[in-house]
Amino acid sequence: GNSVTQMEGPVTLSEEAFLTINCTYTATGYPSLFWYVQYPGEGLQLLLKATKADDKGSNKGFEATYRKETTSFHLEKGSVQVSDSAVYFCALGVNRDDKIIFGKGTRLHILP
Amino acid sequence: DTEVTQTPKHLVMGMTNKKSLKCEQHMGHRAMYWYKQKAKKPPELMFVYSYEKLSINESVPSRFSPECPNSSLLNLHLHALQPEDSALYLCASSLRGESTDTQYFGPGTRLTVL
């Protein structure tokens with residue numbers, strides 16, 4: 001079946017540090033891959049998305065590249081800010097399925 | 001307008017009460033979703049309405065009753081809930097209801113059942 005595995009948190013970094021949150025997937029067919037972010041007290045919002053192999057999604061300084069050969073979609077940011085403190089969910093959707101699969105989420109704390 | 005709105009923001013109810021959660025979107029999306037999210041967990045899908053018809057019910061207890069009066073509105077009627085139903089309830093919408101679509105989430109209703 002389809003599944004998403006992401007690194008367990010919490011992840012604690014100092015401001016301006018480099019961030020990587022790992023995400024790997026198992027899917028039949030050709031999934032679309034997502035990163036959603038949930039700030040404290042809010043709902044989820046799309047951070048970035050990629051729909052085919054080698055696509056790079058980017059937004060707000062975050063990037064992730066759809067790697068079919070390693071079935072991965074790792075989230076990176078070169079210099080994190082305190083305002084990036086949130087929970088990050090990796091997710092996938094497969095054509096002809098009608099629901100997306102979320103990873104367990106990674107809580108990120110950025111210290112000033 | 002890329003906003004999904006939910007009311008109320010917070011709700012406290014007893015186990016014998018009846019209440020409703022409301023969700024609205026004006027993006028022309030044809031699919032709407034209810035999720036339940038417990039602390040430190042990902043959202044769990046409860047129901048999906050696609051083109052105003054219930055397309056997914058994830059074996060949710062009958063004390064939760066969804067309703068989709070039109071393509072912009074989604075309700076969740078609550079009756080005889082249990083304390084373990086306390087959670088954040090999230091509404092979302094997407095363009096066509098396909099899993100490859102981006103879902104747009106509301107801010108949620110924080111429900112506490114006493």
Side-chain angles (χ1 to χ4, degrees), chain A residues 1-11 21 23 25 27-53 55 57 59 66 73 86-109, chain B residues 2-7 9-10 21 23-25 27 29-51 53-60 74 87-111:
Chain A
N2 301 327
S3 66
V4 174
T5 302
Q6 62 180 107
M7 60 190 292
E8 298 282 336
V11 173
I21 301 178
C23 172
Y25 68 89
T28 54
Y30 300 95
S32 290
L33 299 172
F34 307 84
W35 277 101
Y36 283 88
V37 59
Q38 186 172 28
Y39 297 103
E42 297 184 14
L44 280 70
Q45 57 184 269
L46 179 72
L47 182 59
L48 51 84
K49 174 181 178 179
T51 58
K52 60 184 188 298
D55 266 3
N59 186 23
Y66 188 140
F73 193 55
V87 181
Y88 293 79
F89 293 98
C90 187
L92 71 81
V94 179
N95 273 335
R96 289 186 292 280
D97 278 359
D98 38 18
K99 56 184 180 182
I100 65 172
I101 308 296
F102 286 101
K104 292 185 177 181
T106 302
R107 187 171 298 271
L108 177 65
H109 296 289
Chain B
T2 57
E3 192 178 23
V4 175
T5 58
Q6 289 187 243
T7 55
K9 195 170 175 62
H10 299 277
L21 309 185
C23 174
E24 191 166 2
Q25 58 88 15
M27 294 179 277
H29 288 174
R30 303 315 301 266
M32 296 185 77
Y33 308 76
W34 281 116
Y35 287 89
K36 173 182 178 181
Q37 187 180 27
K38 299 286 262 184
K40 300 186 178 180
K41 299 288 187 184
E44 296 173 39
L45 184 64
M46 300 174 72
F47 303 103
V48 181
Y49 274 84
S50 181
Y51 295 84
K53 293 190 177 158
L54 185 65
S55 60
I56 294 181
N57 176 341
E58 292 285 292
S59 303
V60 178
L74 185 66
L88 182 67
Y89 288 83
L90 294 165
C91 174
S93 70
S94 71
L95 186 61
R96 301 161 299 178
E98 295 176 12
S99 65
T100 50
D101 291 344
T102 297
Q103 292 190 18
Y104 294 80
F105 285 81
T109 294
R110 176 76 58 188
L111 174 66

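Quick note on labels: first sequence line is chain A, next is B, and so on, each numbered from 1. Small disclaimer: the values here were computed from a predicted structure and weren't measured.
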ask   = Within a reach of under 6.0 Å around OH of Y39(A), are more than 12 heavy atoms found that belong to other residues, nucleotides or ligands?
value = yes
Y36(A) side chain vs Q103(B) backbone, donor-acceptor pair below 3.5 Å = yes
query = Do you know the tightest heavy-atom contact between P42(B) and F102(A)?
reply = CB-CB, 4.0 Å
query = What part of Q6(B) is in contact with chain A, defined as an atom under 4.5 angstrom from a non-hydrogen atom: side chain, backbone, both or neither?
reply = neither
query = About how many Å separate CD1 of I101(A) and OG of S99(B), when rounded to the nearest 0.5 Å?
reply = 8.0 Å
message = Quick check for you: among K49(A), Q45(A), E42(A), which has the greatest number of heavy-atom pairs under 4.5 Å with chain B?
response = K49(A)
query = Could you give the distance from OH (Y35(B)) to CD1 (I100(A)), rounded to the nearest 0.5 Å?
reply = 4.5 Å
request  = Considering only heavy atoms and a distance below 4.5 Å, find which of P107(B), S55(B), S94(B) pairs most often with chain A.
outcome  = P107(B)
task = Please indicate whether R30(B) has more than 12 foreign heavy atoms, meaning atoms of other residues, nucleotides or ligands, lying under 6.0 Å from its CZ.
result = yes
task = Would you sort out whether K40(B) and R107(A) count as a side-chain contact (heavy atoms from CB on, under 4.5 Å), showing the intermediate values?
result = CA-CA 8 Å; K40(B) 300 186 178 180; R107(A) 187 171 298 271; 3.7 Å; yes
message = If you count heavy atoms of other groups shown closer than 6.0 angstrom to NZ of K38(B), is the number above 12?
response = yes
query = What distance separates Q38(A) CD from F105(B) CZ, expressed to the nearest 0.5 Å?
reply = 8.5 Å
query = Heavy-atom distance under 4.5 Å to chain A: side chain of E44(B), backbone, both or neither?
reply = neither
task = Quick one: which of K9(B), E98(B), Q37(B) has the most heavy-atom pairs under 4.5 Å with chain A, could you say?
result = Q37(B)
message = If the test is side-chain contact (heavy atoms from CB on, under 4.5 Å), which one of D101(B), T102(B), T100(B) qualifies with S32(A)?
response = T100(B)
ask   = Closest approach of G43(A) and L90(B), non-hydrogen atoms and distance?
value = CA-CD2, 3.8 Å
